[in-house]
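First comes the structure, then the notes that go with it.
Naming convention: chains lettered A, B, ... in sequence-line order (proteins, then strands); numbering from 1 in each chain. Heavy atoms only: backbone and side chains are in, while hydrogens, waters and symmetry mates are out.
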Number of protein chains: 2
Amino acid sequence: MEKVTIYDIAKKTGFSVGTVSKALNNYKGVSEKARNAVQLACAEMNFTPNSTAQTLATKKSNLIGYVFSETLGGGLLHPHFVQILQSFKTEVEASGYDLLLINSKTTVDNGFYEHCLHRQIDGALIAIPRTEAGRVESLINSSIPCVSIEDTYSEAPSVISDNKGGTMQMLAHLYSLGHRKIAYIAAPQDGVPGWERYEAYLQFMTERGLPINENHIVFATNYTRKAGYTAAEKLLGKCWEELPTAVFSAYDELSYAMQDTLERRGYRVPDEISVAGFDDILISQCATPKLTTIAQNRDAIGKLAGQLLLRRMDGDTSVENIIHRIPTSLVVRESTRRILDQN
Amino acid sequence: MEKVTIYDIAKKTGFSVGTVSKALNNYKGVSEKARNAVQLACAEMNFTPNSTAQTLATKKSNLIGYVFSETLGGGLLHPHFVQILQSFKTEVEASGYDLLLINSKTTVDNGFYEHCLHRQIDGALIAIPRTEAGRVESLINSSIPCVSIEDTYSEAPSVISDNKGGTMQMLAHLYSLGHRKIAYIAAPQDGVPGWERYEAYLQFMTERGLPINENHIVFATNYTRKAGYTAAEKLLGKCWEELPTAVFSAYDELSYAMQDTLERRGYRVPDEISVAGFDDILISQCATPKLTTIAQNRDAIGKLAGQLLLRRMDGDTSVENIIHRIPTSLVVRESTRRILDQN
DNA sequence: CTGAAAGCGCTAACAT
DNA sequence: ATGTTAGCGCTTTCAG
C-alpha cells in the first residue's frame with residue numbers, strides 16, 4: 001500500500017482514470033454513483049494524489065517560494081521577517097499553497113529566478129534588500145507573480161511599514177515631551193528602511209525649525225547590537241560638548257546598546273536622557289528601562305502581502321506595482337520622559 | 001524564451017533528448033563534442049531543468065519537509081526551532097535539498113503523512129511535541145526517512161539537548177555557591193524536555209541528600225512569560241514560610257517572570273535570592289540582572305539532524321533510531337551568586 | 001556513443 | 001456520463 005495511483009482506484013471501481021480524475025476534482029459530468037464509488041475506494045486504499053504529476057500536467061504547483069537573503073543576519077533568524085512570514089503563510093495556506101524556502105546561497109551558479117523556474121513555483125514572496133537587488137532582477141521581471149516585503153521594487157507590489165510616519169510619530173512624541181536636542185543613530189543607508197527613517201528625521205527637524213547638528217547624528221554600520229555599541233561610543237565622543245536630551249535610533253538593537261552605554265557612563269535613562277527605538281522587537285520589552293519604540297504591524301504586512309500575491313496568481317490584473325504602506329504605532333514605555341530643566 | 005525544455009536544446013544541437021539528458025546529468029557514454037554542444041546550447045537558451053518532471057521520472061524530489069506544529073506558540077515563531085532549522089538547512093542544502101514547510105493546520109482532513117506523500121518529499125525533519133504524537137505516527141512509521149528534534153520517537157532518530165545533564169550542571173553550580181534550598185519551577189509535563197528536566201531536579205536533590213520540599217516546587221502551565229508570572233505568584237504564595245535561596249526554572253521565560261516578580265516584591269536578585277533559567281534565549285541576556293542559564297547548542301542539533309537525515313536518505317542503514325544527546329553549557333551571568341548568610 | 005521509445009501519475013481534450 | 005488517448009518534461013532501458 002505504498003504507492004496507490006488513480007489507476008489503482010480506477011481498476012478497483014471499474015471506472016476509467018478519466019472519470020476518476022473528474023470525480024476527484026469535482027467536475028460536472030460525473031454520476032453520483034461514480035463519485036461515491038471513487039470516494040469510497042480512495043478512502044479504502046488511502047489514496048493521496050501525487051502533486052508532482054498534477055503539477056506537470058496542469059503547470060500549477062500550488063507552491064509559493066519565500067525568496068530571501070541570508071546576508072545581514074536576515075533570513076529566518078530575523079524575528080521581524082519570521083513574523084511576517086508566519087502571517088503570510090496563514091493567509092496563503094488557506095488557499096492550498098505550501099511554502100518553499102528559496103535562498104540559493106549555495107547554488108552559486110543559479111540565481112533566484114532559475115531556482116523558482118526549476119521548482120515551478122506559482123508565486124514568490126521576496127525579502128531581498130536593495131543591496132542585492134541584482135539577484136532578484138530577473139525574477140521580478142519574469143512572469144512569476146511576486147510581492148516584496150523587505151524593500152521596494154518598481155516591478156512588483158511591495159508591502160512595507162510606513163517608516164516615515166513612524167519616525168514622525170516618535171519625533172512628535174519626543175517633541176511633545178519638550179525635547180529639542182534630539183540625536184539620531186541612523187541605520188545603514190543601504191536600503192529603504194534606513195533611508196526613509198533618516199530622511200524623515202531630517203525633515204522633521206527642518207519642519208520644526210530645529211538645527212540639524214552634525215555632532216548629533218551618527219551612522220551604524222549594520223543592524224546588530226555590536227554596531228550599536230560602536231555607534232553609541234561614536235555619538236558620545238562627538239556630542240559631549242552639547243549633550244542631546246534624547247537619542248532616537250532607527251532600530252531597537254541600536255537603542256538597546258545606546259541605553260546600556262549611557263547607563264555604564266553614569267547617565268540615568270530616562271531622567272537625564274531619553275532613548276527611543278524603532279521596531280518593537282522582543283528585547284525592547286526586556287530592556288531596563290523598557291524601551292519606548294515604534295511598533296511595526298507585521299501581521300498586517302504578511303497578511304496583505306499574501307492577499308496581493310493570491311490575487312496576482314489568480315490573474316487579477318488590477319493589482320498594481322505600488323508600495324503599500326502599513327501604519328506603525330507608537331509604544332510608550334519607560335525610556336522616554338518629559339524634559340525637566342531646559343537650559 | 002519562457003519555457004525551454006530539453007527538446008528545444010535537442011533540436012538546437014541536433015542530438016536526441018536522451019543524449020541531452022545524459023550530458024546534463026554527467027553520464028558516462030557521451031562524447032566530448034555532444035557534451036560541449038549541449039552545455040553551450042543550455043547557456044544560450046537559458047535552460048533550467050524542470051524539477052517536477054525530474055521528480056516524476058526519478059521519484060526523487062530533492063525536497064525535505066519541515067513538519068511542525070503551530071500550537072504551543074511553536075512553529076516558526078519560536079526562536080529555538082528557527083535556529084535549529086537554520087543550521088539544519090545549511091547542512092542539507094549543501095547537498096542540493098530545498099526545504100518545504102509542512103504544517104497541515106488548515107488541511108484538517110489530511111494528515112502530515114498524506115501531505116508528505118502528496119509532495120513526494122525525500123525526507124522530513126519533525127518538530128512535533130509528544131502531545132500531538134498521533135499526528136505524526138503514520139509519517140514516522142512510513143518509508144519516508146525522518147529525524148525528530150522536538151521530542152523523541154522510537155521509530156526515528158532524534159536529536160535533542162541533554163536536558164538531564166543541563167539541569168545537573170545548573171544545580172551543581174547553585175550547590176557550589178552554597179545553595180541548599182533550591183526551588184524549582186517546572187515546565188508543563190507534557191513532553192520530553194519538561195519531564196527530563198523535572199526528573200533531573202528530583203534526582204539531584206535526592207542524590208545530594210537535600211529535602212524535596214513540596215512548597216518549593218511549582219508547575220507552569222505552558223512555556224510563556226504569562227504562565228511564568230502565574231507560577232511565580234503561586235510559588236511565593238506557597239513558600240513564604242521558608243524562602244528558598246535560589247529558584248531554578250525549566251525555561252528562561254519562566255525565570256524572567258520570576259525575577260521580575262521578586263524585584264516587584266522587593267527582593268533583590270541575586271543578593272537575596274538567586275534565579276536561574278534554562279535555554280539561553282535572547283531575553284536572558286537583556287534581563288536585569290542578566291540571567292544565569294543553560295545554553296542549548298542549537299547549531300549542533302540542526303547540523304547533526306541534517307547529517308543523520310542525509311545519511312538515511314542515502315540509504316545508509318547504519319543510522320539507528322536512537323536518541324542523540326547534544327551537550328548543554330552553563331552560562332553564568334549575574335542572577336546567581338554565592339549565598340551570604342546561612343541560617 | 002547515440003537514438004527511439006516507454007513510462008512516471010495525472011489532466012484534459014476528444015470520442016463514444 | 002464515461003472511456004480513450006495524448007501530452008506535461010525528463011529519465012532510462014534497450015537497440016543500434
- Message: For A:Q86, is there any backbone N or O sitting under 3.5 Å from a side-chain donor or acceptor partner on A:T90?
- Response: yes
- side chain to side chain contact (heavy atoms under 4.5 Å, CB included) partner of B:L309, chosen from B:V319, B:L304, B:V147, B:D314: B:V147
- Task: Indicate whether the side chain of B:T152 and that of B:R130 have a donor and an acceptor atom separated by less than 3.5 Å.
- Result: yes
- Task: Flag yes if more than 12 heavy atoms outside B:E137 fall under 6.0 Å of its CD atom; otherwise flag no.
- Result: no
- Heavy-atom contacts, protein to nucleotides 1-9 of chain C, under 4.0 Å, summarised as B (base), S (sugar-phosphate only) or - (none) per nt, yield SBB---BBB
- Interface limits on DNA chain D, where chain A has a heavy atom under 4.0 Å of a nucleotide atom: D:dA1 to D:dG9
Pairs under 3.5 angstrom only: tabulate donor-acceptor contacts from the side chains of residues 10-18 of chain A to other protein residues two or more places apart or in another chain.
{"unit_1": "A:K12", "atom_1": "NZ", "unit_2": "A:E44", "atom_2": "OE1", "d": "3.1"}
{"unit_1": "A:T13", "atom_1": "OG1", "unit_2": "A:I9", "atom_2": "O", "d": "2.8"}
{"unit_1": "A:T13", "atom_1": "OG1", "unit_2": "A:A10", "atom_2": "O", "d": "3.3"}
{"unit_1": "A:T13", "atom_1": "OG1", "unit_2": "A:F15", "atom_2": "N", "d": "3.3"}
{"unit_1": "A:S16", "atom_1": "OG", "unit_2": "A:G18", "atom_2": "N", "d": "3.4"}
{"unit_1": "A:S16", "atom_1": "OG", "unit_2": "A:T19", "atom_2": "N", "d": "3.3"}
{"unit_1": "A:S16", "atom_1": "OG", "unit_2": "A:T19", "atom_2": "OG1", "d": "3.3"}

- Query: For the pair made of CG in A:L24 and P in C:dC10, what is the distance, rounded to whole Å?
  - Reply: 8 Å
- Task: Under the side-chain hydrogen bond (donor to acceptor under 3.5 Å, both in side chains) rule, collect the residues that match up with A:R325, sequence neighbours excluded.
- Result: A:E196
Counting only pairs under 3.5 Å, give me each side-chain donor-acceptor contact of residues 61-68 of chain B, with atom names and distances, residues two or more places apart or in other chains.
{"unit_1": "B:S61", "atom_1": "OG", "unit_2": "B:L63", "atom_2": "N", "d": "3.2"}
{"unit_1": "B:S61", "atom_1": "OG", "unit_2": "B:Q120", "atom_2": "O", "d": "2.6"}
{"unit_1": "B:S61", "atom_1": "OG", "unit_2": "B:D122", "atom_2": "OD1", "d": "3.4"}
{"unit_1": "B:N62", "atom_1": "OD1", "unit_2": "B:K60", "atom_2": "NZ", "d": "3.4"}

- Audit row: B:K22, B:V38, side chain to side chain contact (heavy atoms under 4.5 Å, CB included) steps and yes/no: CA-CA 10 Å; B:K22 283 165 197 158; B:V38 167; over 6 Å; no
- Message: Angle between the end axes of the helix from C:dC1-D:dG16 to C:dT16-D:dA1, five pairs per end, to the nearest 10 degrees?
- Response: 40°
- With the side chain counted from C-beta on, respond yes when A:F112 and A:I128 share a heavy-atom pair under 4.5 Å apart, and no when they do not. yes
- Item | Any A:P79 side-chain heavy atom under 4.5 Å of A:V82 side chain | no
